[in-house]
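Reviewing the structure listed below.
Position 1 is the first residue of the sequence; numbering continues from there.
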Amino acid sequence: MFQAITTRYFGPTHTRGSRIKAYYQGGSLTVPYDYALNADNNHRAAAIALQVKLGWRGDMHSGRDHNSDGVHVFAS
C-alpha cells in the first residue's frame, strides 16, 4: 500500500507562530515555520520530520496539489 504525505501552511495567530502541518491517513505532525528556509523547503522539512517519525524509507519526490498544499511521496 502506498500513501502520500500532504503538507499545509498555517499562518500565525495571537498565540502561535506560523507552522507547517504534515499529515497522512493515519495521523499528523506539526512543525514551526523556519524563516531561514523558503516555502518549498519548509514543506519538505515537515514531510521529512513525519517520514522519520513513521520510519518510512525511500527518496522523497514533492510537488503541489490544486490547493497549493505540498504532496510528498517516497520511492524506494
Side-chain angles (χ1 to χ4, degrees):
M1 180 164 104
F2 294 97
Q3 291 193 48
I5 292 175
T6 302
T7 53
R8 179 172 289 168
Y9 169 81
F10 290 90
T13 67
H14 290 295
T15 58
R16 297 181 75 179
S18 297
R19 57 213 179 275
I20 303 284
K21 182 175 185 177
Y23 57 95
Y24 76 114
Q25 185 177 358
S28 67
L29 175 74
T30 303
V31 297
Y33 194 89
D34 183 348
Y35 289 96
L37 303 175
N38 66 24
D40 287 337
N41 286 335
N42 266 286
H43 283 265
R44 289 181 54 81
I48 289 169
L50 184 54
Q51 175 194 20
V52 168
K53 178 181 175 183
L54 297 172
W56 289 2
R57 298 187 179 194
D59 297 324
M60 184 169 63
H61 301 275
S62 301
R64 297 285 182 148
D65 68 7
H66 63 283
N67 293 321
S68 293
D69 291 339
V71 179
H72 314 273
V73 295
F74 300 89
S76 45

Please report the closest heavy-atom contact between [X] and [Y], naming both atoms and the distance.
X   : Y   : value
M60 : H72 : SD-CB, 3.7 Å
L50 : S28 : CD1-C, 4.5 Å
R19 : G11 : NH1-O, 3.3 Å
Y35 : S18 : OH-OG, 3.0 Å

Taking V71's backbone N and O only, do any of them form a donor-acceptor pair with R64's side chain (distance below 3.5 Å, no angle check)? no

Taking N42 for its side chain and D34 for its backbone only, find out whether a donor-acceptor pair lies under 3.5 Å. yes

Rounded to the nearest 0.5 Å, what separates atom [atom1] in [X] from atom [atom2] in [Y]?
X   : Y   : atom1 : atom2 : result
T30 : F10 : OG1   : CZ    : 7.0 Å
L29 : I20 : CG    : CD1   : 11.5 Å
I48 : W56 : CD1   : CH2   : 13.5 Å
K21 : Y9  : NZ    : OH    : 15.5 Å
I5  : Y23 : CD1   : OH    : 11.5 Å

